[in-house]
Amino acid sequence: MNSPEIKFNLYCIYIIKKFILINDSNKEVLNLINNQIDYKFLLTMTYLLNKNNKKLSYDILYILINLSYVDNGEQLFFDEQIILNIATFLGNNKNDPVLLNSGVWLIKNVTFDKSQINKATEYFLHYKIINFFEEIYERNLLNNNFMSNLMTCLWNFINYKFKNSKDILNLLPCIKIIKTQLRPNLPPESLNKYIYTLFTLTLYKSLDLYYEICNCKIHKELMNIYYFCIENIDNINNQINGSKINYEDEIYKKNMKNIEIYKNICLMILKVLGKLMSLEDGILTQTLIDSGIAKFLNVVLQSHDIRVIKNASFCISNICAGTCGQISNLYDNNTLFELTKVSKNIYDALEYKGQFKNDYFNELKDTFREINFVFSLTIINSIYQKVVPFIRYSNYIILLILLKGLEIFDERNEDLLELILESINKLILFDQTDKYNDMNDNLSLVQFLEKYGLKEILEKIKSYKSKLLVGLADKIYDSVFCDLGSKSK
């Protein structure tokens with residue numbers, strides 16, 4: 001039996017709920033109500049949540065969910081005691097799917113606070129709400145509404161501005177939950193949202209988060225999803241090309257929208273993989289190599305999307321910054337040869353700047369920058385027996401790309417120019433007597449470098465303020481145009 005107090009509370013709550021139901025679509029009225037609510041009201045409501053009365057709890061949650069979602073009104077103030085009341089309620093009702101879903105929905109609304117004015121998110125993290133999510137998510141995987149609300153909660157927490165690196169570790173349980181939603185059979189909009197959530201998580205550059213992602217084998221899931229996306233893009237394109245196109249047709253519009261979503265998913269996947277391989281210790285890079293990242297990148301390099309090529313080049317440059325063994329894996333799987341084919345097209349495209357819009361040209365240039373990183377690091381970190389045959393078999397396109405890199409990038413890209421100069425210097429030391437075939441000509445290394453403007457480029461670099469670059473330019477100039485020049489006469 002309900003006590004008189006509970007009956008009275010039920011009646012009052014019912015009236016408020018009824019009023020909100022009537023005005024459910026009227027945001028102005030809801031915002032007006034929201035602005036009149038004081039702290040005592042919220043404290044009382046969340047206190048009553050824990051009275052062990054499901055009908056009362058359900059109605060309170062309905063009210064709070066609606067009032068906590070505002071457009072123009074002020075964000076409701078949830079202090080630590082109120083958050084503790086909500087967290088306690090969830091812990092006591094974790095086996096009730098209806099109340100649990102409503103509670104997670106409430107947290108989703110409360111933590112959606114772009115202004116960061118209140119500290120609700122901070123309090124929820126303090127009370128280990130993400131650990132609670134980790135405890136309950138498996139038994140609710142088939143509840144689509146629950147998982148959608150839960151994933152939005154995670155998105156809100158991941159976007160919280162953490163004050164120190166230790167607090168970021170609160171996000172570790174998110175990774176296992178996110179993995180459950182990386183399924184190709186999801187609607188493309190949902191899949192895109194969840195992969196973007198994962199990408200946002202990697203922006204923290206946390207060693208612990210990166211290792212947990214690989215421990216959960218999410219990198220393998222991402223590669224499979226990439227294959228799924230490009231297959232779907234091909235299927236949709238074949239379907240469109242095989243029928244008469246009606247640009248106003250809703251099915252056509254939906255197909256075109258899905259193509260763009262799948263392309264974006266592919267882009268996010270490459271960005272996540274690139275982040276995982278950006279750590280200096282190279283351990284995760286080796287993990288991805290062992291999982292077949294080289295063969296995966298061979299497929300990626302077949303893309304006609306310059307943004308995809310740029311991010312693939314970033315992945316490869318991270319591998320080339322590693323050990324000889326890791327670079328050898330790229331040689332053995334022909335990944336560097338595939339990149340060379342793409343590089344020649346970009347090299348040719350840069351000669352026709354006027355034919356491209358600025359945005360596309362900038363993407364070309366950024367991609368070319370990453371490719372220069374790849375080839376410079378490949379030469380610097382490879383042994384003679386690998387790198388010299390590679391340069392020969394690639395028709396010496398790599399030398400052209402490095403020279404072009406010195407030409408189009410200035411001292412604002414000092415890190416890149418340093419690598420290019422060091423790689424050219426290493427090639428000179430490696431192979432001073434070889435002939436560098438250029439079309440039908442037989443050119444010495446000196447003649448090859450002279451023909452493609454190295455002398456003028458080095459003169460330009462000598463005018464830079466960077467003592468490091470000037471020193472490297474002088475060293476190469478002396479080696480090529482003094483030492484080797486005298487020998488070639």
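Numbering starts at 1 and runs along the sequence shown.
We find that D415 and R369 are joined by a salt bridge, their nearest charged nitrogen and carboxylate oxygen being less than 4.0 Å apart. A salt bridge is absent between K263 and D305; no separation between the charged side-chain nitrogens and carboxylate oxygens falls under 4.0 Å. Using a 4.0 Å cut-off between a side-chain N of Lys or Arg and a carboxylate O of Asp or Glu, E338 and K341 qualify as a salt bridge.
Judged by distance alone, the side chain of S382 and the main-chain N or O of I379 form no donor-acceptor pair under 3.5 Å. Although no hydrogens or angles enter the test, the distance criterion places no donor-acceptor pair under 3.5 Å between the side chain of K404 and the main chain of Y347. Judged by distance alone, with hydrogens and angles left aside, the side-chain atoms of D234 form no donor-acceptor pair with the main-chain N or O of E231 at under 3.5 Å. A distance-only check finds a donor-acceptor pair linking the side chain of N50 to the backbone of N85 [under 3.5 Å]. The main-chain N or O of G325 is never found under 3.5 Å from a side-chain atom of N329 such that the two would form a donor-acceptor pair. In this structure, the side chain of Y204 engages the main chain of I158 through a donor-acceptor pair within 3.5 Å.
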Test side-chain contact (heavy atoms from CB on, under 4.5 Å) applied to M268 and L222, step by step:
CA-CA 9 Å; M268 287 300 109; L222 294 178; over 6 Å; no
Given the rule in the side-chain contact (heavy atoms from CB on, under 4.5 Å) test, do L330 and V374 qualify, once you have shown the distances and angles that lead to the verdict?
CA-CA 11 Å; L330 296 177; V374 169; over 6 Å; no
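Ring centers of Y227 and F296: under 6.0 Å apart, within the cut-off.
Other residues, nucleotides and ligands contribute only 12 or fewer heavy atoms inside 6.0 Å of the CD1 atom of I251. Within a 6.0 Å radius of CG in N52, no more than 12 heavy atoms belonging to other residues, nucleotides or ligands are found. The number of heavy-atom neighbours closer than 6.0 Å to NZ of K179, taken from other residues, nucleotides and ligands shown, is above 12. The number of heavy atoms from other shown groups lying within 6.0 Å of NZ (K253) is above 12.
The aromatic rings of F124 and F157 lie perpendicular to each other, with more than 60° between the two planes, well past the 30° mark. Ring geometry, Y262 versus F228: the interplanar angle exceeds 60°, so the pair is classed perpendicular (tilted spans 30 to 60°). Ring-plane geometry between Y196 and F199 is classed as tilted, the angle between the planes lying from 30 to 60 degrees on a 0 to 90 degree scale.
Remark: the N101 side chain and the N149 side chain contain an N/O donor-acceptor pair separated by less than 3.5 Å. Side-chain contact annotation: E411 with S466, donor-acceptor N/O pair under 3.5 Å absent. In the model, N235 has no side-chain atom that pairs as donor or acceptor with a side-chain atom of Q239 under 3.5 Å. Y127 and E80 share a donor-acceptor pair across their side chains, judged by distance under 3.5 Å alone.
The two atoms that bring L125 and F162 nearest to each other are CD1-CE2, 3.6 Å, heavy atoms only.
For the atom pair D249 CG and N255 CG, the distance stands at 8.5 Å (nearest 0.5 Å). Remark: N140 CG to L150 CG distance equals 8.5 Å, nearest 0.5 Å. Between the CG atom in L49 and the OG atom in S102 there is a gap of 10.5 Å [rounded to 0.5 Å]. With rounding to the nearest 0.5 angstrom, the CD1 atom of I293 is 4.5 Å from the CE atom of M277.
Checked against T378 for a side chain to side chain contact (heavy atoms under 4.5 Å, CB included), the options S317, C320, S423 give a single hit: C320.
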